[in-house]
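Right, one structure below, let's go through it.
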Amino acid sequence: MVKKFWLNEISFTWKVLVPMLIVVLSFFILTAAYTYSNTKKIQLQLLEKELSLEIQSIEKQFSNELFQKRLITERVGEKKEVGAYLQKVNARDTAKFYDLNKSVQKLLDDAKSNNSHIDRMWISDVDGEIAVGNSGLLAEDLIGIKKRYWFTLAKKNEGVFYTKPYQNERTKTRTISVIYPIIKNDKRLGYIGIDMALRNLLPTAKSSGITGENIVLFSSDGQILFDENRMWPLFKNEHIPLNVSSTVPINRGKYYVELRKVSNSDWEMGAYVQEEKVLAPLKDFQKRIIFFWFIAIVFLLVVIKAVMSYAMRDFNSVVDQLKYIEKGDFTKKINVHSRDEIGRIADAAEYMGQQLHKQMEILNFQASFDMLTKLPNRSSIERRIDVGIRHCRLRNEGMTVAFIDVDNFKEVNDTHGHAFGDELLIQVGQRVQTMLSKNKYLGRFGGDEFILLLKSNCEVATRRKLNDILQLFNEPFDLNGHDIYATASIGVARYPSDSITRSGLLAKADTALFEAKKQGRNRIEFFQGEMQESFEKKMRLEAGLRTALENNEFELFYQPQFNFSLGYMESAEALIRWNHPEWGMVSPDEFIPLAESSGHIRSIGAWVIDEGIKMAKMLKQHYPRLHHIGLNVSSVQLRERNFVEQVKTALAKYNIEPSLIELEITESVVIDRLEETIEKLSALKELGIALALDDFGTGYSSLNYLRRLPIDQVKLDRSFIQEMDEDPKKATMVHYIIEMAHSLGLRVVAEGVETEKQMQMLNTLQVDKVQGYFYSRPITQEGLFTFVDEKYGEIQL
């Protein structure tokens, strides 16, 4: 609650600015992260490329240096003075030795001075004794050639070769020597060599690029020849391919390393650079991005705040207008002239106020009047009855409450559509109103029911007035160019003789109306005392339906169906019975309509399906020739969305073949919501369930639906069968119905067969099955097994 209150206190401007700030910051963070990541990626790609180019350049320069020193040794070694000098040295000929020595030394001095990176240049005899060296060499620099580890290799080598880096005994530096054997007349006279300090050679060879001092030289067998920073041991455990930039993570960070083969030698050269060193400039770039975005966000917020403050200057006027609307003043004008969003909101607020004013007028009308007929509605009627009771009590007068119900109104809706039904109700209200005086009050109670209030103490006068109302229905109603005839039933209750309360008067008028319907419709019935018992029984039956299932008061009876061609019981119809604790067996004609109107039919219907399927399984095991058990389905049940799933669940529960079940529906179910009914019946048909049309011939336009319905058989209503043996027209009708059904591939079941003559006639007319008291009354589950066994013997075989 505290948080909600705190949020409500924030102004609208900040409610806009804060989310906008969050959006901008999110965009900034994402953009900055993407920019930094992309820049870093490009920088590292450049690093790899630059490292590769730089190590190539360093390796090339280093190789060129070695090759240049090789050319120097070859060029100087091939001089005549050098060969003559070594011949003198080897022959120990001192004649002109000094002059040759001086001449050779000058050659060495000139070569050293004209070429960089030469520390020493010397000539030795074949045994490795120093004969002469460049100027400036100390005595100890000119001894020990034969002690060098590579001298043995030089004696075996036929041409110029490079020594591996070695430790100079005097300078203690890593040194490389280029050795060239001097041969005269196929005789080796000695050697000329150039010594170079590796630390001078490599830094000079490399450029001032990204690698800095990070150059490594080592032999192909992995021996480190040069590593000034002593870093290579940290990389040596990693597999690093040649000629490819590789990333190597070590405890000091991530490094980029590349190896190259040194030309004209068996050495390898490597260069490495730390990633952090390369990315250091990015940190400054990142700071600049953050600063730029901060300035941009602040500027954006300032601009938005200024724009919103300007735009919101008229907002308070709109708020004030909405407060007026809240108080019920819908016509207040708003003094806002801007045409922006606020202006449009102001216009919308004014328009909303006008519409609300109209809606309130409509709602006030709807609170008291019916929108279709424009007559007073139920709540108005009830208030008027209460007012009438008070007046009658004070003045000692009587009052009549009459329920007027349009007969067969549902058929008008189903046959012609709801638009026709609505128009019929409007015209009924108008006709009745034309003959009412001021002391009479007419209203629509709901559906097709109207209530008429009359102030009268005389039953004769009241009946006369109500008869006049019934006479109004003698003329047809013109519904969209169609003449439609309708009748009405009226139920009447009187104050104070029948009841002194509004609820009592309405209930007893409704009971009288029910009696009028029961007596054949198109009549007037005044409430009588004997109706009270019927009314109370109806109420108690409806109340008893709530617990009937829980108390196991329902039971299924089964009426066998005889097949003429097979000569035995083929199937049976399950019929529900209610064993009421007070009234005993209650007919379905009494409680099924109550169950449908109260909604209990859903649970009762589900129970019938479950019990019927269970019985079908038991009977099939006892009676293998059983075709199916018929189960009745009400219209309310069939309209349930999950009805098909209910049936599938019950079939799976008892694991029986769907063909053992036949669902029976009446024509009234088909007419109501035809397309939806056909869709559900088709789904049931796909499961393998048989379908029958019950009470065939009693509905409207039955033949129009037979071709569309996915049914297997029709059941002729008992009204045809009971009169066919005495009425030839009825017999003819039955004959044509059977022929028509057979032509459509449908089987025919005759219901209500009670005499042998009816059986014989139906056999002659080739009806498929019969069902009725002549063959068997509805019997209990145990009675059905006894009936089958006694009538057909050991049929389970």
Side-chain angles (χ1 to χ4, degrees), residues 545 548-561 569-578 588 592 595-596 599-666 669-670 673 675-694 709-713 715 746-747 749 769 778-782 784-785 788 795-796:
L545 285 173
L549 270 180
E550 299 176 5
N551 298 333
N552 296 319
E553 296 173 8
F554 291 114
E555 182 179 359
L556 286 185
F557 278 56
Y558 299 89
Q559 188 169 31
Q561 296 173 337
M569 188 194 88
E570 177 188 277
S571 54
E573 179 183 2
L575 303 168
I576 189 171
R577 296 292 185 267
W578 183 7
I592 290 298
E596 289 182 334
H600 294 301
I601 193 64
R602 294 181 177 87
S603 56
I604 295 173
W607 177 84
V608 168
I609 289 175
D610 187 85
E611 286 292 310
I613 290 176
K614 180 170 68 174
M615 178 59 177
K617 183 173 183 179
M618 294 169 55
L619 193 61
K620 183 67 174 178
Q621 293 172 348
H622 184 74
Y623 183 16
R625 291 186 292 181
L626 173 73
H627 280 209
H628 56 256
I629 291 291
L631 304 175
N632 289 281
V633 177
S634 75
S635 59
V636 177
Q637 220 178 334
L638 192 62
R639 290 190 196 119
E640 291 188 77
R641 291 183 179 180
N642 62 340
F643 176 70
V644 177
E645 291 299 321
Q646 289 180 15
V647 176
K648 288 174 64 176
T649 302
L651 291 172
K653 177 180 177 182
Y654 295 105
N655 192 25
I656 71 168
E657 289 294 328
S659 59
L660 282 176
I661 301 301
E662 180 180 74
L663 298 182
E664 299 183 8
I665 58 172
T666 61
V669 175
V670 173
R673 303 185 184 184
E675 299 302 329
E676 179 184 338
T677 301
I678 291 176
E679 181 181 349
K680 287 190 177 178
L681 294 181
S682 300
L684 293 168
K685 187 72 174 175
E686 290 179 2
L687 293 177
I689 293 174
L691 300 172
L693 188 62
D694 199 8
L709 293 174
I711 58 176
D712 302 285
Q713 67 180 18
K715 301 186 72 176
L746 303 176
R747 304 179 72 197
V749 181
K769 291 190 294 184
I779 50 182
T780 64
Q781 176 178 318
E782 295 78 9
L784 182 61
F785 283 103
V788 173
I795 60 174
Q796 63 267 30

Exercise: identify the closest heavy-atom pair between Met569 and Pro560: SD-CB, 3.4 Å
Min side-chain heavy-atom separation Leu691-Pro710 under 4.5 Å: yes
Under 3.5 Å donor-acceptor, Lys769 side chain and Gln561 backbone: no
Glu573 and Asn632 side chains, donor-acceptor separation under 3.5 Å: yes
Considering all heavy atoms, the nearest Leu681-Leu709 contact: CD1-CD2, 4.1 Å
Residue of the set Leu556, Leu660, Leu619 for which side chain to side chain contact (heavy atoms under 4.5 Å, CB included) holds with Ile629: Leu619
Over all atoms of both residues, closest heavy-atom pair of Ala572 and Tyr558: CB-CB, 4.4 Å
Contacts of type salt bridge (Lys or Arg N to Asp or Glu O under 4.0 Å), residue Glu664, not counting sequence neighbours: Lys715
Distance (rounded to the nearest 0.5 Å) between His628 NE2 and Leu663 CG: 10.5 Å
Nearest atoms (heavy-atom pairs only) where Lys620 meets Leu626: NZ-O, 3.0 Å
Polar side-chain atom of Lys614 near backbone of Tyr654 as donor-acceptor pair, under 3.5 Å: no
Closest contact, heavy atoms only, Phe785 versus His622: CD2-CD2, 3.4 Å
Considering all heavy atoms, the nearest Leu784-Ile779 contact: CA-CD1, 3.4 Å
Heavy atoms of other groups near Glu555 CD, more than 12 under 6.0 Å: yes
Gly605 backbone acceptor or donor facing Gln637 side chain under 3.5 Å: yes
Side-chain donor or acceptor of Lys680 paired with backbone N/O of Phe643 under 3.5 Å: no
Residues forming a side-chain contact (heavy atoms from CB on, under 4.5 Å) with Ala690, sequence neighbours excluded: Glu662, Asp712
